[in-house]
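The sequence lines fix the lettering, A, B, ..., with proteins before strands; numbering per chain opens at 1.
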Amino acid sequence: MNNLIDILDLTESEIDALIDTANDIIKNPDNYAEKCKRKKLATLFFEPSTRTRLSFEAAMLELGGSVLGFSESSSSSASKGESVGDTVKVVSCYADIIAMRHPKEGAPMVASFKSDVPIINAGDGGHNHPTQTLTDLLTIKREKGRLDNLTVGFCGDLKFGRTVHSLINAMSRYKNIKFVLISPPELTLPDYIKQGVLAEKNIEYIETGDLESAMPSLDILYMTRVQRERFFNEADYIRLKDSYILNLDKLKNAKNDLCILHPLPRVNEISTDVDSDARACYFKQALNGKYIRMALILKLLGV
Amino acid sequence: MNNLIDILDLTESEIDALIDTANDIIKNPDNYAEKCKRKKLATLFFEPSTRTRLSFEAAMLELGGSVLGFSESSSSSASKGESVGDTVKVVSCYADIIAMRHPKEGAPMVASFKSDVPIINAGDGGHNHPTQTLTDLLTIKREKGRLDNLTVGFCGDLKFGRTVHSLINAMSRYKNIKFVLISPPELTLPDYIKQGVLAEKNIEYIETGDLESAMPSLDILYMTRVQRERFFNEADYIRLKDSYILNLDKLKNAKNDLCILHPLPRVNEISTDVDSDARACYFKQALNGKYIRMALILKLLGV
Amino acid sequence: MNNLIDILDLTESEIDALIDTANDIIKNPDNYAEKCKRKKLATLFFEPSTRTRLSFEAAMLELGGSVLGFSESSSSSASKGESVGDTVKVVSCYADIIAMRHPKEGAPMVASFKSDVPIINAGDGGHNHPTQTLTDLLTIKREKGRLDNLTVGFCGDLKFGRTVHSLINAMSRYKNIKFVLISPPELTLPDYIKQGVLAEKNIEYIETGDLESAMPSLDILYMTRVQRERFFNEADYIRLKDSYILNLDKLKNAKNDLCILHPLPRVNEISTDVDSDARACYFKQALNGKYIRMALILKLLGV
């Protein structure tokens, strides 16, 4: 493997190896501080995403490498009509590995055909965002000690949420996973996923509109944002939105070892008073994102 | 102290210590070249300010550290509705110290409540800009050998000039300081400062509209820009603006050891023929800004 | 020499020395990996140019130095009305060398008068772009083994193409150079160049509109883009544009050792099926751009 375009490019054992490396980095950071000395990461962000970009940059810097790139396409040659293939062909001259974010689905894959250096998909439109999924998996593994035998709730916008689809795909490969799909009827998980991976792998799932009644069964609760613009009318939005805002009250019947995740940025879908609850793992998740990206860079560079 | 939000967060002895460190860095830069090895500075600039950002970045690089961040908010998650608190909470995962510039007053203080790493206010709206004030103090100390017993003139826009207010606050703590406040009537120092710190500390000051007659008494002349948009009518602006442009002619009666400062950028308020006069210290001031920021980073990181 | 503003600032022997250094870097990169340790490059890009900026940044990083700067003027103090002279005067405090791109012709030269550190012109409007020309010369030297005794074809927009004018000027200093100028009548080489350097140095040249008939004579083919907006009417553009698109068919009668160059970015003026032809040197050219900039930085810093 020389690129990471889709989370399913990775086998379970490859994911396990990445998680093991990330855990070792967390334990022994000094061992990794010079691993990528004289290596350069290019962050080609054709649309802005501070969090993801800074996570990649911090990852490379903590490996002793350096970083160059751009943070939005107005600063890039794309505005002069250059193809993504040509851009990465040229950037291959300047960097040893590329993390690419692009508003068009498939752009990182096209790029990988032309590039002379490894390409990491850092998000392509509503499609894939495999390093987010790796981040989620690392966090689940660290918090729960396992990736199998888990009841995983997804709450909010399950229709358009790219991170949800990707994590469902990834978790479906592990044993005895149950999904609880919590959303308004307008924003349920697409049929192609239910009739696809869930049916094929015979995975148990429940669909519900009620977060509180689902709460007691959950080992993991993955929150996402319910965006106003997804609703057909304002009245429905106002009626429904509070049901999908997590607060301490809604956590009353949750397990003590529930692990609450959120891909961030959050707007208001998790009340800030949850932040100091031990079950809130979304800031740890952000930190884990750096470590799994360090592991991934090491793997793709063959260091 | 773990943050620098307001210049008055620092005691006089802390300021003295920072100035001493900066002077030592200037003398022995080699001793500091690896002090922040493996440390990362995040520059979170929610509004652009090249000079301040590059000064912070150069400071961290000269300490052997590295830098990541963004230079305007369109590249940041703020455009997705994320709170400043969440942003710094996440950036705490990626960096060891944060320099934040924000158009809203108080944003860096709010950030400091959430951050796991030290926050430096790199300017918040018209409010505080403490590293500029530290820069001014270092420059005055280096040029005059002291921070007390000085007659300090401020010229131009004293009403809105954030750097003026901040330096008046900081200088008011030293002995035998006199202020000469030179401005058009529309742009005089606000009453809350005159009736506040100046009255409380019984500090001598003169208000005048005439730069040339004030000149002979000054040890320091701090120039600021008189912006057209501050005037109620164009006629007043045109009548007054030239009075507050410094040129060699207006320096005829100045002391030989006058120290001319300007926070930069300058537009036309100091004629370029002044640049080669030995009393022009504003480019030295820019250089000093790097050194005092190096000292501050060392202090906040506890290196 | 402390700056590089115009390719003609460099003598032939200085160019030879830069090419020799670049070739040595390519052979022995390890020898150069720490040459610029603790040195800082500022990339001041008042207009975006990803390729050029990343090439400079990669160059400095591969010399062990570090980089700061901005990638478009909205992030710079220029938006506050600061002069280019003041900007570089201040940036001189933060960096050891400056690469400047500016939409106004002559801005880098003005900057060089004020700067305390070397200035490299990274492109000023339609005027000069000397590091592109150095890149072209290094590529020609590496591919053909010489800079004299060559027949050099330029194809496309010879009227406005800055890189064409600059390379013609530079190549005109070598012995026995012939130029084949291939363009539509609307976009021929300006008279001031034909009656200038070409006449003065008595250099043989042919003007033609027909790429295919010119092909067999060429040692070098330098392609440029024919932009729709250069034409007075759409009909002419449509009639002519295909004549200046290079594809494998048009290469049938080319020499086996033809060297095809393009300053990039390309839009469609070279068909992608040419990319895998051994004579396509434009991606090598992009790589060479990094090495010649490394050589130039070393020279200007006196390392």
So, do C/Glu57 and A/Tyr94 sit near enough that their side-chain heavy atoms are less than 4.5 Å apart?
no
From the list C/Ser55, C/Ala33, C/Gly289, the residue making the most non-hydrogen contacts under 4.5 Å with chain A is C/Ser55
I'd like to know if A/Lys40 and C/Glu62 make a salt bridge, using a cut-off of under 4.0 Å between side-chain N and carboxylate O.
yes
Donor-acceptor pair, side chain of A/Lys89 and main chain of C/Phe283, under 3.5 angstrom
no
Check the surroundings of atom NZ in A/Lys35: do more than 12 heavy atoms from other residues, nucleotides or ligands lie under 6.0 Å from it?
no
Using a heavy-atom distance cut-off of less than 4.5 Å, which residues of residues 108-119 of chain A contact chain C?
A/Lys114
Is A/Lys37 in contact with chain C via its backbone, its side chain, both, or neither, using a 4.5 Å heavy-atom distance?
side chain
Would you mind checking if A/Asp86 and C/Arg51 are paired as a salt bridge, meaning a charged N to carboxylate O distance below 4.0 Å?
no
Look at atom NZ of A/Lys141 and say whether more than 12 heavy atoms of other residues, nucleotides or ligands are closer to it than 6.0 Å.
yes
What are the two closest non-hydrogen atoms of C/Pro265 and A/Glu82, and how far apart are they?
CB-OE2, 3.4 Å
Show, in sequence, the C-alpha distance, side-chain angles and deciding distance for C/Glu34 and A/Arg38, and conclude whether the side-chain contact (heavy atoms from CB on, under 4.5 Å) test is met.
CA-CA 10 Å; C/Glu34 307 248 300; A/Arg38 296 181 53 191; 6.0 Å; no
Heavy-atom side-chain proximity of C/Leu61 to A/Leu68 below 4.5 angstrom:
yes
